[in-house]
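See below for the structure under consideration.
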Amino acid sequence: MWARGSSVPALPQITLALGMIALTDGWGWKEEEAGIRHNLHDVTLLSDNIAYAVGEGDTIARTNDAGRSWFVTDSGLNNLPDCDLSDPSCVKDPAWDNYVAYSWHAVQFLGFPTGWIAGSHGTLLKTDDGGNSWAAQDLGLPQTVVLRAVAIVGELSVYAAGSEGTIVHTADGGATWVKQ
């Protein structure tokens, strides 16, 4: 059983916050070495063992063993070399000199293998292969938009919402998007 920041003991629980990954057996918390150096914003659970976490610095991480180990997957997007660093939607990654990385804020799956990730620069990613590869959706949004939520309401119906009052919707699995 998984929990997202729950204070009710269960076996096992996981909490992801500020780049920390911690597990509990119901008696105490133990921080796990995850190899993730960026702040994390969201986690979604696909099964008792599989979960995805997303965050700053283009971080998309997956566990196959209930959070005991994590590996970072690639979004497939290049870092953004031209971004106004005074813009709060731009995250400067100190590991990349003069580059700006995407920041991911929400992750959701409709069962397995279809999943969605919402993030900075008006970007929404989709996977149809369980996260082995991700493709950016053509939303037509300005790079100043930060998508902070994604909701799957049916097999083909998905909403994403974020800054600047942005809400976008697809009724065809991502083939077309309409700004609400």
Side-chain angles (χ1 to χ4, degrees), residues 2-5 12-23 29-47 49-85 87-110 112-137 139 141 143-152 158 160-163 166:
W2 292 80
R4 283 174 39 165
Q13 283 187 340
I14 186 170
T15 297
L16 289 87
L18 300 174
M20 179 187 80
I21 296 179
L23 300 169
W29 289 93
K30 177 183 173 192
E31 188 172 341
E32 293 288 334
E33 176 58 43
I36 299 172
R37 61 184 175 85
H38 294 287
N39 292 338
L40 300 171
H41 296 293
D42 195 22
V43 60
T44 192
L45 316 169
L46 282 77
S47 71
N49 292 312
I50 300 172
Y52 274 90
V54 297
E56 296 171 6
D58 199 23
T59 300
I60 303 171
R62 177 180 168 152
T63 182
N64 294 320
D65 59 9
R68 289 173 192 79
S69 63
W70 292 83
F71 62 93
V72 177
T73 63
D74 186 3
S75 69
L77 302 176
N78 294 322
N79 284 331
L80 301 171
D82 299 317
C83 191
D84 179 3
L85 294 180
D87 181 346
S89 70
C90 295
V91 178
K92 184 158 181 10
D93 187 340
W96 296 91
D97 196 23
N98 297 326
Y99 282 86
V100 177
Y102 287 85
S103 182
W104 306 115
H105 296 279
V107 57
Q108 291 292 315
F109 274 78
L110 175 63
F112 195 78
T114 303
W116 302 85
I117 296 176
S120 62
H121 311 293
T123 304
L124 185 69
L125 302 179
K126 180 183 181 184
T127 183
D128 285 317
D129 61 9
N132 292 320
S133 64
W134 296 90
Q137 300 292 287
L139 305 178
L141 298 175
Q143 284 198 3
T144 56
V145 170
V146 178
L147 296 174
R148 297 195 180 274
V150 61
I152 303 168
V158 178
S163 65
T166 301

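For Thr63 against Ser69, the heavy-atom pair with the smallest separation is OG1-O, 2.8 Å. Closest of all the heavy-atom pairs between Leu147 and Leu141 is CD2-CD1, 4.1 Å. Smallest separation of non-hydrogen atoms from Pro113 and Asp128: CG-O, 3.2 Å.
Ser163 places a side-chain N or O within 3.5 Å of a backbone atom of Val146 that can act as its donor or acceptor partner. Checking side-chain atoms of Ser120 against main-chain N and O of Ser103 turns up a donor-acceptor pair under 3.5 Å. Between the Thr127 side chain and the Ser133 main chain, a donor and an acceptor come within less than 3.5 Å of each other. Between the side chain of Thr59 and the backbone N or O of Val54 there is no donor-acceptor pair closer than 3.5 Å. With hydrogens and angles disregarded, no donor-acceptor distance shorter than 3.5 Å links the side chain of Tyr52 to the backbone of Leu46.
The aromatic rings of Phe109 and Trp134 lie perpendicular to each other, with more than 60° between the two planes, well past the 30° mark.
Under the salt bridge (Lys or Arg N to Asp or Glu O under 4.0 Å) criterion, Asp129 pairs with no residue, sequence neighbours left out. Every residue two or more places apart in sequence or in another chain that forms a side chain to side chain contact (heavy atoms under 4.5 Å, CB included) with Leu110 is listed here: Ile152, Glu155. Shown here are the side chain to side chain contact (heavy atoms under 4.5 Å, CB included) partners of Ala106, two or more places apart in sequence or in another chain: Asp42, Ala118, Val150.
Here the OH atom belonging to Tyr102 is positioned 8.0 Å from the CG atom belonging to Asp58, to the nearest 0.5 angstrom. Residue Asn132 holds its CG atom at 6.5 Å from CZ of Arg62, rounded to the nearest 0.5 Å. Atom NE2 of His121 and atom OG1 of Thr144 lie 10.5 Å apart (nearest 0.5 Å). Asn39 contributes atom CG, which lies 4.5 Å from atom CD of Glu56 (distance to the nearest 0.5 angstrom). Taking CD1 of Ile117 as the reference point, atom NE2 of His105 lies at 12.0 Å (rounded to 0.5 Å).
For the residue pair Asn49 and Ser47, no side-chain donor N or O sits within less than 3.5 Å of a side-chain acceptor on the partner.
Residues Thr114 and Lys126 form a side-chain contact, since some pair of their non-hydrogen atoms from C-beta on lies under 4.5 Å apart. Residues Leu139 and Val145 have side chains not in contact (no heavy-atom distance under 4.5 Å, counting atoms from C-beta outward).
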